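Model, not experiment: these values are computed from the prediction. FYI, side chains are in, hydrogens and waters are out, and symmetry mates aren't considered; it's all heavy atoms of this structure. Throughout, numbering of the chain's residues begins at 1 and tracks the sequence.
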Amino acid sequence: MSALLLQLAEARRLGRPFGIASVCSAHPTVLRAAIRRAKQRGRHVLIEATCNQVNHLGGYTGMTPADFRAFVEAICAEEGLAFDQVILGGDHLGPNPWRGEEPMTAMAKAEAMVEAYVAAGFGKLHLDTSMACAGESQSLAESVIAERAARLCGVAEAMAARLNLPKPLYVLGTEVPVPGGADHVLDTVEPTRPDAAEATIAYHAEIFDKAGLAEAFSRVIAFVVQPGVEFGSDNVIAYDRQKARSLAAVLENHPNLVFEAHSTDYQSREALRALVEDGFQILKVGPWLTFAYREALYGLDMIAAELVAEYGGRRLRDRMEALLTADPKDWRGHYHGDDTALALQRHYSYSDRIRYYWNRPEAHAAVDDLRHALSGLTIPETLFHQYLPSLASILASQAMEEILIAAFDQVLDLYDQAAGDPT
């Protein structure tokens, strides 16, 4: 299931680099779009759940790793994709969900989470112990981060052995962007310094060896570094390969590694392809997909207002606004400015923190009402041009689910074009 990931470094060494998009989402329609695309193209699909979304205690989706696997398997069965074409990954696995607790407690919960991911058959584990816990300095020593990563790796290895499962592949690294994007306007983002990347790799190799995990370290396929890409609430920092050239050269000293690039959302196809060519061959994408979902839903919301008199104004947007303001914990602290600025960010931010609300019953009901309002109607092509112009020329169906999948597919297509052909 994870064999394709082992080919990434070899392809780079041979001068024929290819990449793979890591679809970081638990949204059912996002996953359906990714799985359907994999089926149509005869390709593997890498799907990753994050520690906040999915963990042994349920996460904000209410799913354990075993639940998430069953969820993905069910969609694969419906779409006709063999499950062995799916690579399951765990993203940011570490104490992040419990960083408000003291280190011993947070790490114990992280260990239990990693065990649950391994037991559920996740083959790619990103071990992220870079965040401080209660009472700790916000900037942890590299040695502490590496020791905690080794501790989680040891737990993963033991669980795989206990259950006679294939040993996982690992991604390590301390230069980890903020999950979901930065919470402020960005002017520039500097790539990781080459010497810092070398030190991180060396630290982890040494500490894993001392912990008796040298064989596990040989299954580390990538390190997370900052290639100089990021998005804030209102802007995107595009990849500049000249600035990242010396960082990319680090891989010449590590022939069995590639780099994993987080926060690649909203990059152009050309920038994504340059990342792959430069060795940043695992491309994480998440908020861009749910941004496209919101964009398509809000376009359909306006179409319904035009076509259905009793639908009223922007009913979906207004109901989401009520939900967002009634329970602001998932966006407050990430968005800034006056009331007008906050209202715009709640709905239209690149950080897309509205994605935390789509699985709530109130949001489900609002989306179902929109679906009901549009059911059986023929949407004039001119309205697509007005409210969803990028989809106007490619839609073969006017069913709402197909429109949403088409919106996701436009994003996924950019990643497929940039990734190239593994064969």
Check whether any side-chain heavy atom of Y357 lies under 4.5 Å from a side-chain heavy atom of L324, and answer yes or no. yes

What one should report as the nearest heavy-atom pair of L8 and G19 is CD2-CA, 4.3 Å

I221 and I282, any side-chain heavy atoms less than 4.5 Å apart: yes

For D330, is there any backbone N or O sitting under 3.5 Å from a side-chain donor or acceptor partner on R353? yes

Would the distance check show the side chain of R12 and the main-chain N or O of G279 forming a donor-acceptor pair, the cut-off being under 3.5 Å? no

Let me confirm one number: the CZ-OG distance from F208 to S218, rounded to the nearest 0.5 Å. 11.0 Å

Run the salt-bridge test on E402 and R36 with the 4.0 Å N-O cut-off and return the result as yes or no. yes

Can any side-chain N or O of S375 pair as donor or acceptor with the backbone N or O of H372 at less than 3.5 Å? no

Less than 4.0 angstrom from a charged side-chain N to a carboxylate O is my criterion; do E277 and R273 meet it? yes

Could you check whether R41 pairs with D421 (Lys NZ or Arg NE/NH1/NH2 to Asp/Glu carboxylate O, under 4.0 Å)? no

Are D416 and R43 ion-paired here, with the side-chain N under 4.0 Å from a carboxylate O? no

Got a salt bridge between K284 and E48, using NZ or NE/NH1/NH2 to carboxylate O under 4.0 Å? yes

Return yes if a side-chain donor-acceptor contact under 3.5 Å exists between T264 and Q267, otherwise no. no

Taking only Lys NZ, Arg NE, NH1 and NH2, and the carboxylate oxygens of Asp or Glu, determine whether R371 and D368 approach each other closer than 4.0 Å. yes

Please answer whether the main-chain N or O of I405 pairs with a side-chain N or O of D409 as donor and acceptor at a distance below 3.5 Å. no

Give me the atom names and distance for the closest heavy-atom approach of P191 to P227. CG-O, 3.7 Å

Do we get R346 above W331's six-membered ring, with its NZ or CZ under 6.0 Å from the centre and within 45° of the axis? yes

Do any N or O atoms from the side chain of E79 and from the backbone of L81 form a donor-acceptor pair under 3.5 angstrom? no

Any side-chain heavy-atom pair from D352 and I354 closer than 4.5 angstrom? yes

Spell out, as yes or no, whether a donor-acceptor pair under 3.5 Å connects the side chain of D67 to the backbone of T64. yes

When every non-hydrogen atom of I20 is compared with those of I87, the smallest separation belongs to CD1-CD1, 4.3 Å

Is there side-chain contact between H262 and D91, with heavy atoms separated by less than 4.5 Å? yes

Aromatic ring proximity, centroids under 6.0 angstrom, H204 and F223: yes

Between CG of D265 and CG of L283, what distance do you get to the nearest 0.5 Å? 10.5 Å

Smallest separation among heavy atoms of M131 and N96, with atom names: CE-CB, 3.4 Å

For a 4.5 angstrom cut-off between non-hydrogen side-chain atoms, does P28 reach F71? yes

Please confirm whether the backbone N or O of T129 pairs with a side-chain atom of R148, one donor and one acceptor, at under 3.5 Å? no

Rounded to the nearest 0.5 angstrom, the CZ-CD1 distance for F408 and I403 is 12.5 Å

Minimal non-hydrogen separation, Q281 against V276, with atom names: CG-O, 3.5 Å

Under 4.0 Å between a side-chain nitrogen and a carboxylate oxygen: does that hold for D278 and R241? yes

Main chain of P168, side chain of R219: is a donor-acceptor contact present, judged purely on distance under 3.5 Å? yes

Would you say CZ of R16 has more than 12 non-hydrogen atoms from neighbouring residues, nucleotides or ligands within 6.0 angstrom? no

Do side-chain atoms of N359 reach the backbone of Y60 as a donor and acceptor pair under 3.5 angstrom? yes

For Q345 and H336, test the side chains for any donor-to-acceptor distance below 3.5 angstrom and give the result as yes or no. no

Keeping the roles fixed (side chain from Y266, backbone from N235), state whether a donor-acceptor pair exists under 3.5 Å. no

Between T188 and K243, is a side-chain contact (heavy atoms from CB on, under 4.5 Å) present by the stated rule, with each step listed? CA-CA 11 Å; T188 186; K243 290 177 66 174; 3.3 Å; yes

d(R294 CZ, R317 CZ) to nearest 0.5 Å is 10.5 Å

Taking only residues two or more places apart in sequence or in another chain, which ones pass side-chain hydrogen bond (donor to acceptor under 3.5 Å, both in side chains) with E101? K109

Between the CG atom in L289 and the CG atom in L412, the distance rounded to the nearest 0.5 Å is 5.5 Å

Assess the side chains of S351 and Y335: does a donor N or O sit below 3.5 Å from an acceptor N or O? no

So, K124 and E260, do they make that salt bridge, N to O below 4.0 Å? yes

Can you tell me how far the CZ atom of R69 sits from the OH atom of Y117, to the nearest 0.5 Å? 13.5 Å

Heavy-atom distance under 4.5 Å between the side chains of T200 and L172, does that happen here? no

Pairwise side-chain contact, R37 with Y415, heavy-atom cut-off 4.5 Å (strictly under): no

In short, P65 meets A116 closest at the heavy-atom pair CB-O, 3.6 Å

Modelled atom types, side-chain donor and acceptor of Q53 and T61, under 3.5 Å: no

Can F122 and V54 be said to form a side-chain contact (heavy atoms from CB on, under 4.5 Å), step by step? CA-CA 12 Å; F122 284 66; V54 174; 5.5 Å; no

Parallel under 30°, tilted from 30 to 60°, perpendicular over 60°: which one fits the rings of Y298 and H347? tilted

